[in-house]
Peer 1: 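Here it is, the structure in full.
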Protein chains: 2
Amino acid sequence: MKSGTRIGVKDIAKMTNVSIATVDRVLHNRPGVALATEKKIKAIIKKYDYRPNILARTLASRKVIRLAILIPAVSKETTYWQAPLDGIGQAEAEVRQFGVTIEKYFFDLNDKQSFVRQTKRILKSKTDGVLMAPHFEGDAEVFSEQLTEQKIPFVYINSDVPGQNSLSYIGPNLYRSGFLGGQLADFISKETSTCLIVHISKTPDSYYHLLEKEKGFRAYFKDRKKGRILKSDIQRTDYASIKKELTAVLKAQRVDLIFVTNSRVFYVARFLEEAGISNIRLIGFDLIDKNISGLESGRIDFIISQKPREQAYRGVMALYNKLIKGEPVEQQVFMPIDILTKENYRFYEG
Amino acid sequence: MKSGTRIGVKDIAKMTNVSIATVDRVLHNRPGVALATEKKIKAIIKKYDYRPNILARTLASRKVIRLAILIPAVSKETTYWQAPLDGIGQAEAEVRQFGVTIEKYFFDLNDKQSFVRQTKRILKSKTDGVLMAPHFEGDAEVFSEQLTEQKIPFVYINSDVPGQNSLSYIGPNLYRSGFLGGQLADFISKETSTCLIVHISKTPDSYYHLLEKEKGFRAYFKDRKKGRILKSDIQRTDYASIKKELTAVLKAQRVDLIFVTNSRVFYVARFLEEAGISNIRLIGFDLIDKNISGLESGRIDFIISQKPREQAYRGVMALYNKLIKGEPVEQQVFMPIDILTKENYRFYEG
DNA sequence: CTGAAAGCGCTTACAG
DNA sequence: CTGAAAGCGCTTACAG
């Protein structure tokens with residue numbers, strides 16, 4: 001045994017008078033080792049705190065690990081999912097040399113069936129791990145159960161499905177991000193101001209997320225506000241409908257600040273622009289291109305963002321750590337809640 | 001040659017009718033290869049876009065790369081440097097398996113000579129790369145020149161020394177962070193408010209940095225403000241002196257917001273607390289423990305932070321990419337400028 | 001239940 | 001200027 005440095009399989013074999021093949025067997029919990037031998041070897045492993053050399057292991061076992069990614073396609077409607085895609089690319093570059101390959105499956109945010117179709121393809125593809133955005137909760141549940149049954153680890157990003165035994169959830173804490181929205185609103189409005197919460201969404205599947213943000217926002221203002229908090233639920237995502245609804249609301253009452261619970265805040269910015277309203281403050285989510293324009297023009301004051309790129313990056317790495325390094329991974333990772341303005345968004349790395 | 005997969009040295013050797021030793025020679029630009037042979041081999045490398053297997057390379061060459069880190073010691077006065085230290089630890093864990101070892105050298109922020117002493121030790125230690133916080137600009141320049149002469153790559157974090165040929169600078173854009181400070185001040189004060197810029201520093205070495213932030217802050221308000229912008233230069237860092245100075249300033253004029261250009265904003269928070277002043281807004285830098293208390297108590301409104309942990313992490317990785325992977329690294333990386341409040345600092349990963 | 005041997009894709013002396 | 005061989009620390013058949 002070399003002094004100072006770590007021990008290897010050869011050292012363990014020598015110290016226990018067995019071959020390295022046998023050492024390898026107990027290292028991987030493979031059957032076919034006498035209990036006494038196994039105990040001896042395990043004792044040495046423990047005593048010297050043996051850690052396998054991942055480089056050598058990867059090189060020798062030409063095993064390739066296949067990961068499947070199931071996320072929404074980037075669409076004209078929203079470019080949000082470009083960021084996670086970039087994060088996956090970055091992770092891929094780092095883990096490729098360790099024999100990890102990644103297959104991407106995309107679904108249409110407006111088409112539940114496309115999600116289901118892709119889950120079936122993944123199940124057929126014999127994959128070792130899955131990273132998914134469980135957008136359609138019910139279907140994601142079914143899929144998760146199938147994966148659990150086949151002992152395929154999976155991690156959620158962007159939104160969580162509680163109760164499933166995912167390896168990890170990596171994404172926002174919606175309630176806290178709404179709460180922060182409340183604080184930001186408080187910073188830029190008076191105690192007596194009227195705030196309007198706007199949900200813009202036609203899919204009931206993600207509506208729950210918006211409600212969580214609303215809850216957080218309202219919670220911040222509990223016992224703190226003299227002004228009113230209004231709410232508007234817009235169930236269509238075309239500009240004409242949004243315009244109509246906002247026009248009606250603003251005609252009925254004075255509003256000082258609008259809090260849009262998702263990335264569609266740019267519609268509201270456009271509306272304010274067109275209507276020539278400049279005294280309403282605006283806060284929304286996600287640094288997509290159209291929202292950057294809103295920051296630039298000064299229509300949008302704050303964008304709250306939760307590192308979409310990094311969510312996906314870390315999701316892949318979680319799978320890698322579990323599958324290749326056998327390391328434990330955190331069951332729940334809440335991403336930082338980033339505050340972006342006209343003056344710092346340029347440096348943002350998401 | 002295996003189809004579909006990448007080629008290796010063996011394939012190149014076969015295709016060019018030489019031994020793998022010769023291929024290895026040209027791969028590493030080692031002398032002793034006939035020009036014709038070299039050309040043939042290079043052509044194949046290019047044609048098939050050969051990429052060496054880093055795992056195999058690291059495993060076979062038991063070469064170890066030694067990195068030296070030169071940063072301020074964590075002191076009672078400021079725990080700021082704990083974060084970079086953590087980042088270095090994280091990077092170390094990732095690159096250790098690739099044969100990188102890291103030696104840390106600490107200097108005293110109040111003792112120029114301690115910096116110089118450590119640079120001498122590093123020079124003697126035969127290191128392959130250096131990561132440093134060039135706090136004492138003049139001495140850092142001397143050191144940088146010595147490193148350049150010995151062809152030892154070095155990267156700066158936290159502050160830059162222009163004109164030296166560092167491999168990379170990874171840190172804040174001071175001017176832009178001051179500019180953002182202006183915008184935040186604008187968000188939480190009236191157009192007619194009076195802002196007070198406070199520098200608290202006794203070392204002239206870092207004073208330049210504070211001035212950059214001041215410049216940015218003032219630039220934001222150019223053509224935008226009706227109120228006055230005052231400035232107070234406190235050249236001592238004990239609380240008594242700070243208290244005295246602030247008392248004098250606030251007696252002389254009304255102030256609505258204070259912008260402290262470094263991490264010592266907690267002193268001002270303490271002063272406002274003790275003086276029972278609750279109508280002055282407060283913005284400062286760096287998420288050290290004492291500033292967290294200030295956020296919690298509500299005395300501090302915003303903390304601006306520039307990922308101190310990540311700066312160091314990326315600094316180490318830049319050296320690793322250069323030295324091990326031979327990849328090019330970006331010459332200048334400005335970190336994101338993060339906005340932290342009472343409601344989001346808990347999720348911050350710096 | 002166990003071990004000897006080949007091999008992963010490189011690098012490193014050493015010999016010629 | 002060039003090549004054969006051993007070895008890095010593991011894993012993988014295969015043989016017994």
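So that the names make sense, note that chain A is the first sequence line, chain B the second, and so on, each numbered from 1.
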Peer 1: Mapping P31(B) and A56(B) onto DNA chain D by nearest heavy atom, which one lands closer to the 5' end?
Peer 2: P31(B)
Peer 1: Taking NZ from K39(B) and C1' from dC1(D), how many angstroms apart are they, rounded to a whole number?
Peer 2: 17 Å
Peer 1: Go through Q90(B) and D86(B) one step at a time and tell me if the side chain to side chain donor-acceptor pair (under 3.5 Å) criterion holds.
Peer 2: CA-CA 6 Å; Q90(B) 191 197 335; D86(B) 292 343; over 6 Å; no
Peer 1: Rounded to whole Å, how long is the line connecting atom CD1 of I54(B) with atom C1' of dG9(C)?
Peer 2: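 Checked: the CD1 to C1' distance equals 12 Å.
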Peer 1: Under 3.5 Å, sequence neighbours excluded: what are the donor-acceptor pairs made by side chains of residues 93-105 of chain A?
Peer 2:
residue	atom	partner	partner atom	Å
E94(A)	OE1	Y313(A)	OH	2.9
E94(A)	OE2	Y313(A)	OH	3.2
E103(A)	OE1	R66(A)	NH2	2.6
E103(A)	OE2	R66(A)	NE	3.3
E103(A)	OE2	R66(A)	NH2	3.2

Peer 1: Distances under 3.5 Å between protein N/O atoms and the N/O atoms of nucleotides 12-16 of chain D, please, pair by pair.
Peer 2:
none

Peer 1: Tell me: CD1 of I41(B) to C1' of dG3(D), nearest whole Å?
Peer 2: 12 Å
Peer 1: Between dC10(D) atom C1' and L27(A) atom CG, what is the distance in whole Å?
Peer 2: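 Interatomic distance, CG of L27(A) to C1' of dC10(D): 9 Å.
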Peer 1: Give a yes-or-no answer on whether the side chains of T148(A) and N165(A) include a donor-acceptor pair shorter than 3.5 Å.
Peer 2: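 A donor-acceptor contact under 3.5 Å links the two side chains.
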Peer 1: Nearest 0.5 Å please: distance from the CD atom of E349(A) over to the CD atom of E310(B).
Peer 2: 6.0 Å
Peer 1: Nearest to the K10(B) side chain among dC10(D), dC10(C), dC8(C), which nucleotide is it?
Peer 2: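 So the side chain of K10(B) is nearest to dC8(C).
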Peer 1: So which one's nearest nucleotide on DNA chain C is more toward 5', L35(A) or V9(B)?
Peer 2: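 The residue closer to the strand's 5' end, by nearest nucleotide, is L35(A).
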Peer 1: Between R6(A) and D11(A), is a salt bridge (charged side-chain N to carboxylate O under 4.0 Å, His left out) present by the stated rule, with each step listed?
Peer 2: CA-CA 10 Å; R6(A) 307 208 64 91; D11(A) 303 300; over 6 Å; no
Peer 1: Which word best sums up how the rings of F107(B) and F115(B) line up, parallel for under 30°, tilted for 30 to 60°, or perpendicular for over 60°?
Peer 2: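 Perpendicular, since the angle between the ring planes exceeds 60°.
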Peer 1: Regarding Y80(A) and N158(A), is there a side-chain donor-to-acceptor distance under 3.5 Å anywhere?
Peer 2: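 Indeed, the side chains of Y80(A) and N158(A) share at least one donor-acceptor pair under 3.5 Å.
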Peer 1: What nucleotide among dG3(C), dA4(D), dG9(C) has an atom nearest to a side-chain atom of S19(B)?
Peer 2: dA4(D)
Peer 1: Where the side chain of E327(A) meets the backbone of K322(A), is there a donor-acceptor pair that is under 3.5 Å apart?
Peer 2: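 Here the side-chain-to-backbone pair does not exist.
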Peer 1: Contact class for T37(A) vs. all strands (heavy atom < 4.0 Å): base, sugar-phosphate, or nothing?
Peer 2: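 Counting heavy atoms under 4.0 Å across all strands, the contact made by T37(A) is with sugar-phosphate only.
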Peer 1: Output the pairing pattern of DNA chain D as a dot-bracket string, 5' first, Watson-Crick or G-U wobble with both distances under 3.5 Å, | for cross-strand pairs, [ ] for crossing pairs.
Peer 2: |||.||||||||.|||
Peer 1: Given Y156(B) and S144(B), is the side chain to side chain donor-acceptor pair (under 3.5 Å) satisfied, shown in steps?
Peer 2: CA-CA 10 Å; Y156(B) 296 137; S144(B) 298; 2.6 Å; yes
Peer 1: OP1 or OP2 of dC10(C) sitting under 4.0 Å from any side-chain N/O of Y50(B)?
Peer 2: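 For dC10(C), OP1/OP2 do have a side-chain N/O of Y50(B) under 4.0 Å.
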Peer 1: Among side-chain atoms of S305(B) and Y348(B), is any donor-acceptor pair under 3.5 angstrom?
Peer 2: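 Yes, because at least one side-chain N or O of S305(B) sits under 3.5 Å from a partner of the opposite role on Y348(B).
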Peer 1: Rounded off to whole Å, could you give me the CZ-to-C1' distance for the R57(B) and dG9(C) pair?
Peer 2: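 Answer to the nearest Å: 11 Å.
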Peer 1: How many whole angstroms separate atom CD1 of I12(A) from atom C1' of dC10(D)?
Peer 2: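 Roughly 11 Å, once rounded to whole Å.
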Peer 1: When the distance from CD1 of I45(A) to P of dC10(D) is rounded to whole Å, what number comes out?
Peer 2: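 These atoms are roughly 11 Å apart.
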Peer 1: Would you mind reading off the distance between D11(A) atom CG and dC8(D) atom C1', rounded to a whole angstrom?
Peer 2: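 Value for this atom pair: 13 Å.
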Peer 1: Check every atom of dC10(D), dG3(D), dT2(C) against the side chain of V18(B) and return the nucleotide holding the closest atom.
Peer 2: dG3(D)
